[in-house]
Every structure is written in C-alpha cells, then in structure tokens.
Amino acid sequence: MKQVYNENRTRLSPSAQRKLEATLAMLLGEAGETFEHHLQDPAVAASYLEESAHALLLALRDIIQANGGVSHIAHKAAIDSNRLTSVLSEDDNRELRTIQSVLDVMGLQMSFTTKAA
C-alpha cells in the first residue's frame with residue numbers, strides 16, 4: 001500500500017497527501033505520536049471526524065488532546081474547561097444526540113471540512 005502511495009503521491013494535492021498519510025499510518029500501525037501529530041492538521045482532523053461520525057465525541061477528545069488538551073482549547077474558545085469536559089463525556093452528550101436525531105429524521109448527516117482561511 002505504501003509503495004503504491006509513494007509512486008502516485010505527486011498526483012494528489014498536499015491536503016489529500018496528508019489525509020492519506022494519516023490513514024496509512026493508522027492502518028499500518030504507526031499510530032501514537034505520529035497519528036496525534038497528523039490530527040493537528042485541520043484537513044486530517046476533518047477527515048477523521050468525517051470517518052468517525054459514529055464516535056464523534058471520541059474523535060473530538062483525540063483532536064483536543066493533540067492540540068493542547070481541554071484546558072488549552074477551552075481557554076482559546078473562551079469557555080469553562082469543566083463545561084467542555086462535560087460536553088465531551090459519554091454521559092452528558094444530550095446536545096449531540098439531539099442534533100443527530102433531528103438530522104436523522106430529515107435524512108441528513110453531519111459533515112466536517114476545514115475552515116476557509
């Protein structure tokens with residue numbers, strides 16, 4: 001798989017290359033710091049969320065951890081870190097379940113992309 005990627009990577013955009021490299025790292029067991037490093041790239045984070053929609057909270061926790069942790073992100077977002085921890089917990093994700101239920105009824109699903117610069 002890696003060989004095919006290396007032979008064809010110049011055909012991909014830099015963003016697509018990063019996404020595929022992160023996916024390959026996960027599939028080939030090169031996770032850990034490498035995967036966390038990739039999650040700092042908004043394109044890879046968006047792809048991870050897209051592919052992990054059923055485990056959105058887990059994906060968000062991983063991305064937040066890779067980008068400085070709950071306290072750091074809560075401070076940057078100007079929200080209480082305890083509230084962010086609560087929102088990310090499996091026990092208190094009412095808002096997310098409500099949004100998912102409403103979207104499901106309407107035949108819609110969430111999608112994640114990077115923010116325009």
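Counting begins at 1 with the first residue of the sequence.
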For the backbone of S81 and the side chain of T85, can you confirm whether one donor and one acceptor N or O come within less than 3.5 Å of each other?
yes
Test of understanding: with side chain to side chain contact (heavy atoms under 4.5 Å, CB included), list the residues that count as partners of I73, not counting sequence neighbours.
I64, N67, L84
Going from CG on L88 to CZ on R83, what distance comes out if it is rounded to the nearest 0.5 angstrom?
10.0 Å
